[in-house]
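In this chain, numbering begins with 1 at the start of the sequence shown. In listed order, ligands and their atoms are each counted from 1.
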Amino acid sequence: MTSQIIPVEPFDLIVFGGTGDLAERKLLPALYQRQRARQLSDPTRIIGASRAQLSNDDYRAFARKAIMEHVKPDEIDDEQLEAFLKRLSYVVVNAVSGDGFDTLKKAVDDSKSIRAFYLAVAPALFGDIAKHLQEVGLVTPKSRIVMEKPIGRDLASARALNDQLAKVFSEQQIFRIDHYLGKETVQNLMALRFANALYEPLWNSAHIDHVQITVAETVGLEDRVTYYDKAGALRDMVQNHMLQLLCLVAMEAPASMEADALRDEKLKVLHALKHINGNETPKLTVRGQYRAGASANGPVTGYIDELGKGESNTETFVALKAEIANWRWAGVPFYLRTGKRLASRVSEIVIEFKPIPHSIFEDSAGNITANQLVIRLQPDEGVKQWIMIKDPGPGGMRLRNVPLDMSFAESFQERNPDAYERLIMDVIRGNQTLFMRRDEVEAAWKWIDPILTSWEDIRQETQGYTAGTWGPSASIALIERDGRTWHES
Ligand code: BG6
């Protein structure tokens, strides 16, 4: 089965930070893939904008290199690559002084296309860019603006950033990206829950024992020293990606896939999260920081050495126990963990059902394991429903836990598009379903802020873990104290 490609209306996409890391690794390759899929209509144009003094040809050379490096060789179609590069041009702008914005205006002024501004720059520049765009008259009712995280470092700074953009753009024009929402498997979570009658009646505290959400990475700092050391794992991963996953697992069924219907339901979950603060914080949260150890490619240094400065208490790992105080979820813990330099790269959601109330089998049948639904987001995307069956063959009743295994790679031949491909096309289509609304981002910070404050107040230190392991032992203790264990990936 091949997916249906619906071309989008012609657009002008202006990428601020056009020569930056995000443009190079994600945006240009994603846009090229959409060209290859014949989704871009003429006269679509992509305009790189940044401080670097480049010509149009230099920028095309930059884009060609980015695509050759970040797209698989068998996905390079020379003809489509040339056609894509023809769509590119470049303007030198200074986001602070506003120099170059009038040139940008001249470049797109005659166009009737949809206009989208992509802020692939440091958030400190968001407000200035929005202001200059308005000053030169580049913002039209058909314009959209795309923001990348971090959207603030706490509630107050997130509000300030949102206020700055709101001076120039309406909420319907603002697209706040959480790239996890663009992942195929994350959207599949909604299909699993709401396109099947099977799970919904069981999806509550009467039948579910607990939920685990793990986003484990093997990479370390990856040249992001300055940003990461000020952020840490709670801000970098939990405030956005992990909480979005939690919302999709826990929300009520929205009435439709319409953007606000979905976002209203996610918001209710965020509001229902029990706050973690004061003396409870060390019991419910674990902060870790990697020490020297090993990765698949050999020995790796510890965080502090990688950082290149004497000391830091920034967490590269966090585990926590969250609770949602509402009728559906009261008493069901949601265990979250994420970290860098862990034993393997895996993102998954585990729904563990309650044990059966009574066993009719003899002890010799063996243990009866509670059912688990494991939704694997990456890599090896798929869904496994673990169930108990009778071990085949004679010799009495022996029970065994086996997975009903659905691997997406085996079942579907198509390539799995990168999240950015889907999300950029949604920006052009004006579909905000997979983007975060202002109140959602702020509600997430409202829950994160007390944890950050408590960590500071009670001086909760990071605990060391060896690179290449599953984090500090306190993370294992966090879940084992409740008589449960982390799912082994
Ligand atoms: C980003 C974080 O948002 O997500 C990174 O800033 C992290 O620190 C990345 O590595 C993980 O994304 P993915 O798609 O590789 O799981």
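In terms of polar-atom proximity, Lys149 is counted as a contact of ligand 1, with an N or O under 3.5 Å from an N or O of the ligand. Not one N or O of Tyr228 is nearer than 3.5 Å to an N or O of ligand 1, by distance alone. Checked by distance only, ligand 1 and Lys340 come closer than 3.5 Å through their nitrogen or oxygen atoms.
Taking the six-membered ring where the residue is Trp, the centroids of Phe334 and His210 are separated by 6.0 Å or more. Taking the six-membered ring for Trp and the full ring otherwise, the centers of Tyr465 and Phe317 sit less than 6.0 Å from each other.
No option in His487, Arg484, Gln372 other than Gln372 meets the side-chain hydrogen bond (donor to acceptor under 3.5 Å, both in side chains) test with Glu352. Evaluated for a side chain to side chain contact (heavy atoms under 4.5 Å, CB included) with Arg438, the options Ile174, Asp163, Ile151 yield exactly one hit, Asp163.
Distances shorter than 4.0 angstrom occur between a heavy atom of Tyr180 and an atom of ligand 1.
When only non-hydrogen protein atoms are considered, atom 12 (O) of ligand 1 lies nearest to His179 NE2, 3.1 Å. Looking only at protein heavy atoms, the nearest one to atom 15 (O) of ligand 1 is Arg345 NH2, 4.1 Å. Looking only at heavy atoms of the protein, atom 7 (C) of ligand 1 is closest to Glu217 OE2, 3.4 Å. Closest to atom 14 (O) of ligand 1 among all protein heavy atoms lies Lys183 NZ, 2.6 Å. The nearest heavy-atom contact from the protein to atom 3 (O) of ligand 1 is His241 NE2, 2.6 Å.
Taking every heavy atom of Gln378 and a limit of under 4.0 angstrom, the matching atoms of ligand 1 come to 13 (P), 16 (O). Listed by atom number, the atoms of ligand 1 under 4.0 Å from Asp236 heavy atoms are 2 (C), 5 (C), 6 (O), 8 (O).
Using a 4.0 Å cut-off between charged nitrogen and carboxylate oxygen, Glu217 and Arg341 do not count as a salt-bridge pair.
Judged by distance alone, the side chain of Glu24 and the main-chain N or O of Ala66 form no donor-acceptor pair under 3.5 Å. Not one N or O on the side chain of Arg36 forms a donor-acceptor pair closer than 3.5 Å with the backbone of Ile76.
Cation-pi geometry between Arg337 and Trp470 is satisfied (NZ or CZ under 6.0 Å from the ring centre, within 45° of the ring normal).
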